[in-house]
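Sequence lines set the chain letters: A, B, ... in the order given, protein chains first and strands last, and positions in each chain run from 1. For the numbers below, each heavy atom of this structure counts, side chains included, while hydrogens, waters and symmetry mates do not.
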Amino acid sequence: TQLLEQSPQFLSIQEGENLTVYCNSSSVFSSLQWYRQEPGEGPVLLVTVVTGGEVKKLKRLTFQFGDARKDSSLHITAAQPGDTGLYLCAGPRHAGNMLTFGGGTRLMVKP
Amino acid sequence: DARVTQTPRHKVTEMGQEVTMRCQPILGHNTVFWYRQTMMQGLELLAYFRNRAPLDDSGMPKDRFSAEMPDATLATLKIQPSEPRDSAVYFCASGLGKTSVHADTQYFGPGTRLTVL
């Protein structure tokens with residue numbers, strides 16, 4: 001069974017601070033995705049990383065895929081209240097188009 | 001702006017009642033997923049359809065849950081009879097179903113918040 005563990009589970013910070021959240025597995029994934037879910041909405045894809053060691057940037061968000069393709073991190077620079085939400089990592093299961101989701105990191109950015 | 005739609009957005013019912021949740025996937029998408037989300041368990045996959053055929057429902061309690069796709073524009077998830085432990089947010093997602101080793105993007109609906117009293 002491919003499991004994804006996310007840490008921390010909860011994070012509360014002040015506006016302007018930097019933060020990093022992690023997604024780890026003992027299994028190798030061909031790719032990993034990060035989704036953000038805002039209160040009352042469904043998850044929305046932020047990025048897909050496909051190459052070991054890959055770094056992708058999306059404005060103030062930096063995503064990294066581990067060299068061994070077993071882990072990924074999301075770094076947010078100068079967090080803003082609009083970054084508040086649940087951040088989920090996901091990886092493809094062995095067969096089909098199904099995804100395995102991590103438990104998520106719930107981020108709150110206070111003004 | 002194509003979106004997955006779900007109805008109802010909220011449902012409060014009593015234990016033992018039948019609940020039906022509906023989903024309209026994005027036109028042209030050929031994969032549909034049903035998920036259940038709770039604080040304790042996170043996002044759990046209940047069912048997966050490809051080209052309207054059910055391919056995986058191993059995450060779904062078979063005795064009371066059923067999922068169908070009567071046509072390409074409608075997916076349904078039924079619970080009969082409902083129980084308080086079924087209280088959760090139920091999400092539908094659809095995707096293009098690209099055949100690739102890499103993760104395919106899933107587009108989620110806004111969810112149905114179910115409360116069973």
**Q** Is the count of non-hydrogen atoms from other residues, nucleotides or ligands lying under 6.0 Å from B:Glu83 atom CD greater than 12?
**A**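 Above 12, so yes.
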**Q** Determine which residues belonging to residues 86-95 of chain B lie within contact range of chain A, meaning some heavy atom pair is under 4.5 Å apart, and list them by number or answer 'none'.
**A**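 B:Phe91, listed by number.
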**Q** Using non-hydrogen atoms and a 4.5 Å limit, figure out which bit of A:Leu45 sits close to chain B: side chain, backbone, both or neither.
**A**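 Side chain only.
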**Q** Spell out the residues in residues 28-44 of chain B that have some non-hydrogen atom less than 4.5 Å away from a non-hydrogen atom of chain A, in order of number; otherwise answer 'none'.
**A**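 Expected list: B:Thr31, B:Phe33, B:Tyr35, B:Gln37, B:Met39, B:Leu43.
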**Q** Same hydrophobic cluster for B:Val116 and B:Met60, using side-chain heavy-atom links shorter than 4.5 Å among ILVMFWY?
**A** yes
**Q** Using a 6.0 Å cut-off, check whether atom NZ of A:Lys59 has over 12 heavy atoms from anything other than its own residue.
**A**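 Open: at most 12 neighbouring heavy atoms sit under 6.0 Å from NZ of A:Lys59.
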**Q** So, does B:His102 use its side chain to make a donor-acceptor pair with the main chain of A:Val50 at under 3.5 Å?
**A**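 It does not hold such a pair.
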**Q** If you count heavy atoms of other groups shown closer than 6.0 angstrom to CZ of B:Arg3, is the number above 12?
**A**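 Atom CZ in B:Arg3 is not crowded, with 12 or fewer foreign heavy atoms closer than 6.0 Å.
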**Q** Assigning hydrophobic clusters by single linkage (Ile, Leu, Val, Met, Phe, Trp, Tyr; side-chain heavy-atom cutoff under 4.5 Å), is A:Phe101 placed with A:Tyr22?
**A**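 Not linked; separate clusters.
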**Q** For the CG atom on B:Leu27, are there more than 12 heavy atoms of other groups (residues, nucleotides or ligands in this structure) within a distance under 6.0 Å?
**A** no
**Q** Can you establish whether the number of heavy atoms outside A:Glu17 located under 6.0 Å from its atom CD is more than 12?
**A**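 Enclosed: over 12 neighbouring heavy atoms sit under 6.0 Å from CD of A:Glu17.
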**Q** Do you reckon A:Ile76 sits in the same ILVMFWY cluster as A:Phe63, going by side-chain contacts under 4.5 Å, direct or chained?
**A** yes
**Q** With a 4.5 Å cut-off on heavy-atom pairs, point out which of A:Thr100, A:Thr48, A:Leu99 contacts chain B the most.
**A** A:Leu99
**Q** I'd like to know whether A:Gln37 forms a side chain to side chain contact (heavy atoms under 4.5 Å, CB included) with B:Phe108, so could you lay out the CA-CA distance, the side-chain angles of the two residues, the decisive distance to 0.1 Å, and finally the verdict.
**A** CA-CA 10 Å; A:Gln37 183 179 11; B:Phe108 285 77; over 6 Å; no
**Q** Of the backbone (N, CA, C, O) and the side chain (C-beta and beyond), which part of A:Leu32 lies under 4.5 Å from a heavy atom of chain B, both, or neither?
**A** neither
**Q** Is B:Arg9 in contact with chain A via its backbone, its side chain, both, or neither, using a 4.5 Å heavy-atom distance?
**A**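 The side chain, not the backbone.
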**Q** Should we count CZ of B:Arg64 as having more than 12 external heavy atoms under 6.0 Å?
**A** yes
**Q** When hydrophobic residues are tied together by side-chain contacts of less than 4.5 Å, even through go-betweens, does B:Leu74 share a cluster with B:Tyr48?
**A** no
**Q** What pairs meet the side chain to side chain donor-acceptor pair (under 3.5 Å) rule with one or both residues in residues 68-81 of chain A, with sequence neighbours excluded?
**A**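 Output for this query lists A:Thr20-A:His75, A:Trp34-A:Ser72.
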**Q** Step through the shown structure and confirm whether more than 12 heavy atoms of other residues, nucleotides or ligands are within 6.0 Å of CD on A:Gln9.
**A** no
**Q** Distance from A:Met98 atom CE to B:Asp104 atom CG, nearest 0.5 Å?
**A** 12.5 Å
**Q** Any pair with a residue in residues 70-79 of chain B that passes side chain to side chain donor-acceptor pair (under 3.5 Å), sequence neighbours left out, goes on the list, sorted by first then second residue, please.
**A**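 Only B:Asp71-B:Thr73 qualify under side chain to side chain donor-acceptor pair (under 3.5 Å).
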**Q** Does any heavy atom of chain B fall under 4.5 Å from the side chain of A:Glu41, the backbone, both, or neither of them?
**A**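 Both parts, heavy atoms under 4.5 Å.
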**Q** Please tell me whether B:Leu96 and B:Tyr107 are part of a single hydrophobic cluster in this structure, the criterion being side-chain heavy atoms less than 4.5 Å apart.
**A** no
**Q** Grab the two heavy atoms, one from B:Lys98 and one from A:Asn97, that are nearest each other, plus how far apart they are.
**A**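 That would be O-ND2, 2.9 Å.
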**Q** Which answer fits A:Phe29, side chain, backbone, both or neither, if we ask what part of it has an atom under 4.5 Å from a heavy atom of chain B?
**A**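 Contact with chain B is absent: no heavy atom of A:Phe29 under 4.5 Å.
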